[in-house]
Protein chains: 2
Amino acid sequence: MENNQPIVGIRSTKQRQAILDVFSDEQVHLSADEVYLLVKPTQPNISLGTIYRNLDLLTRIGALTQFILADGTRKYEKTSSHHHHLVCINCGETKNIPGCPLDREIKGYSKENEFHIVRHSFEIYGYCSSCQTK
Amino acid sequence: MENNQPIVGIRSTKQRQAILDVFSDEQVHLSADEVYLLVKPTQPNISLGTIYRNLDLLTRIGALTQFILADGTRKYEKTSSHHHHLVCINCGETKNIPGCPLDREIKGYSKENEFHIVRHSFEIYGYCSSCQTK
DNA sequence: TTTGCTGCAAATCGTTTGCAACACC
DNA sequence: GGTGTTGCAAACGATTTGCAGCAAA
């Protein structure tokens with residue numbers, strides 16, 4: 001959305017609350033469309049535009065965090081302590097990994113290259129246990 | 001493109017060669033549009049469609065590797081030994097990092113979760129030396 | 001009453017695809 | 001000559017945006 005407007009007054013609407021409710025669990029990782037489908041039952045008239053605008057705003061105020069999978073899919077999750085993801089190539093199930101791989105060695109390498117690290121992404125792709133048996 | 005056709009006979013055309021030439025250096029990381037701009041001078045009539053079709057084909061035969069940045073940008077590079085990227089948030093300059101962070105600890109965690117790892121992504125974002133001074 | 005928020009529809013961006021002409025082998 | 005490849009334009013999916021009406025505060 002590339003909206004760099006300063007955030008002034010934020011109102012609490014039922015649409016926004018319904019979207020936030022969907023992300024109550026930290027293990028919830030959803031695309032805009034998935035959020036739309038989940039919110040639709042309680043907010044039948046909600047539009048995809050509203051979903052996108054809210055996901056963007058909630059991300060900008062820090063309530064949600066956005067990340068992009070290797071296939072380009074954009075997903076959102078509730079903001080929580082630093083972690084990474086384990087993503088099933090088959091069913092898309094996404095789990096949080098507590099550890100972080102940004103180790104001393106790599107930090108050292110970046111320093112050598114005079115690179116100032118701001119953030120990083122790390123996702124593991126493979127098959128979850130139930131998809132392996134199929 | 002989601003093209004799962006078996007690859008039969010591949011021909012050498014000047015368009016395809018021009019695209020490959022752009023990726024002669026391993027430190028070249030480009031989007032489809034950037035390739036288009038670079039190839040245009042020698043192939044004035046080339047179309048973006050041809051660029052996309054060739055990037056896809058060259059990726060499927062393993063000559064190129066595709067990766068997606070945290071902002072959703074799709075990039076291509078010449079296939080080479082396993083590595084990761086250092087990406088400047090400001091100018092977009094992308095450098096290869098030789099090390100790999102997929103360490104014992106994380107592999108162990110995946111095993112605990114009965115997750116079969118196939119591949120992973122890891123990119124570091126920040127500011128390169130020249131963008132820091134500006 | 002003010003102004004942020006919504007639904008709707010149109011617009012945009014990156015990418016894919018159908019097709020007829022073309023050019024490799 | 002056969003078929004892989006190309007340029008072109010239309011189609012596509014995900015996301016963004018303009019606008020007028022609505023609703024929180």
Side-chain angles (χ1 to χ4, degrees), chain A residues 1-22 29-61 63-76 92, chain B residues 1-22 29-61 63-76 92:
Chain A
M1 187 173 268
E2 197 55 56
N3 185 340
N4 295 312
Q5 301 287 307
I7 298 160
V8 198
I10 290 187
R11 292 182 182 171
S12 165
T13 64
K14 45 187 167 37
Q15 291 91 335
R16 181 163 300 154
Q17 194 51 57
I19 293 172
L20 265 178
D21 286 348
V22 160
H29 309 84
L30 301 166
S31 65
D33 206 64
E34 290 166 340
V35 172
Y36 180 60
L37 261 31
L38 285 173
V39 167
K40 199 92 193 190
T42 40
Q43 300 294 324
N45 294 317
I46 201 169
S47 69
L48 251 181
T50 296
I51 302 288
Y52 277 108
R53 276 188 276 233
N54 275 293
L55 290 177
D56 176 62
L57 184 141
L58 293 170
T59 299
R60 283 189 292 123
I61 65 173
L64 299 181
T65 300
Q66 172 189 109
F67 61 100
I68 294 200
L69 299 183
D71 65 353
T73 320
R74 189 182 303 260
K75 296 233 167 185
Y76 294 85
Chain B
M1 189 175 267
E2 198 53 55
N3 186 341
N4 296 312
Q5 301 286 306
I7 298 159
V8 198
I10 290 187
R11 291 182 182 171
S12 165
T13 63
K14 44 187 169 36
Q15 291 91 334
R16 181 162 301 155
Q17 194 50 55
I19 292 172
L20 265 178
D21 286 348
V22 160
H29 309 84
L30 301 167
S31 65
D33 206 65
E34 290 166 342
V35 173
Y36 179 60
L37 261 30
L38 285 172
V39 168
K40 199 92 193 184
T42 39
Q43 301 293 325
N45 294 318
I46 201 168
S47 69
L48 250 181
T50 296
I51 302 287
Y52 277 108
R53 276 187 278 234
N54 274 294
L55 291 177
D56 176 62
L57 184 141
L58 293 170
T59 299
R60 282 189 292 123
I61 65 172
L64 299 182
T65 300
Q66 172 189 109
F67 60 100
I68 294 198
L69 298 183
D71 66 353
T73 320
R74 189 181 302 261
K75 296 233 167 184
Y76 295 85

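Remember, predicted model here, so these are calculated numbers, not experimental data.
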Out of D:dT15, C:dT15, D:dG7, whichever nucleotide has its closest atom nearest the side chain of B:T50: D:dG7
Can you tell me how far apart CD1 (B:I51) and CG (B:L30) are? Round to the nearest 0.5 Å.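 Rounded to the nearest 0.5 Å, the CD1-CG separation comes out at 10.5 Å.
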Just how far, in rounded Å, is [atom2] of [N] from [atom1] of [X]?
| X | N | atom1 | atom2 | result |
| --- | --- | --- | --- | --- |
| B:K75 | C:dG14 | NZ | P | 13 Å |
| A:N54 | C:dG7 | CG | P | 9 Å |
| B:L58 | D:dG4 | CG | P | 17 Å |
| A:Q43 | C:dC5 | CD | C1' | 13 Å |
| B:Y36 | C:dG14 | OH | P | 13 Å |
| B:R74 | D:dA14 | CZ | C1' | 12 Å |
| A:Q17 | C:dT6 | CD | P | 12 Å |
| A:I68 | D:dA14 | CD1 | C1' | 11 Å |

[X] and [Y]: which non-hydrogen atoms are nearest, and at how many Å?
| X | Y | value |
| --- | --- | --- |
| B:S47 | B:Y36 | C-CE1, 4.0 Å |
| B:T42 | B:A18 | OG1-CB, 4.5 Å |
| B:I19 | B:T50 | CD1-O, 4.3 Å |
| A:D71 | B:I68 | C-CD1, 3.7 Å |

Is the distance from OP1 or OP2 of C:dC8 to the nearest side-chain N or O of A:N45 less than 4.0 Å?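 No.
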If you assign each of A:R16 and B:S31 to its closest nucleotide in DNA chain C, which residue comes earlier from the 5' end?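 With A:R16 and B:S31 compared, the 5'-side residue is A:R16.
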Residue pairs fulfilling salt bridge (Lys or Arg N to Asp or Glu O under 4.0 Å) with at least one residue in residues 29-48 of chain A, sequence neighbours excluded: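 Of all non-adjacent pairs touching residues 29-48 of chain A, those that pass salt bridge (Lys or Arg N to Asp or Glu O under 4.0 Å) are A:E34-A:K75.
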I'd like to compare against my own output: the B/S/- annotation of nucleotides 18-25 of chain C with a strict under-4.0 Å heavy-atom distance to protein. BB---BBS
Has B:R16 got a side-chain atom pairing as donor or acceptor with B:R11's backbone, closer than 3.5 angstrom?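 Yes, because the side chain of B:R16 sits within donor-acceptor range (under 3.5 Å) of the backbone of B:R11.
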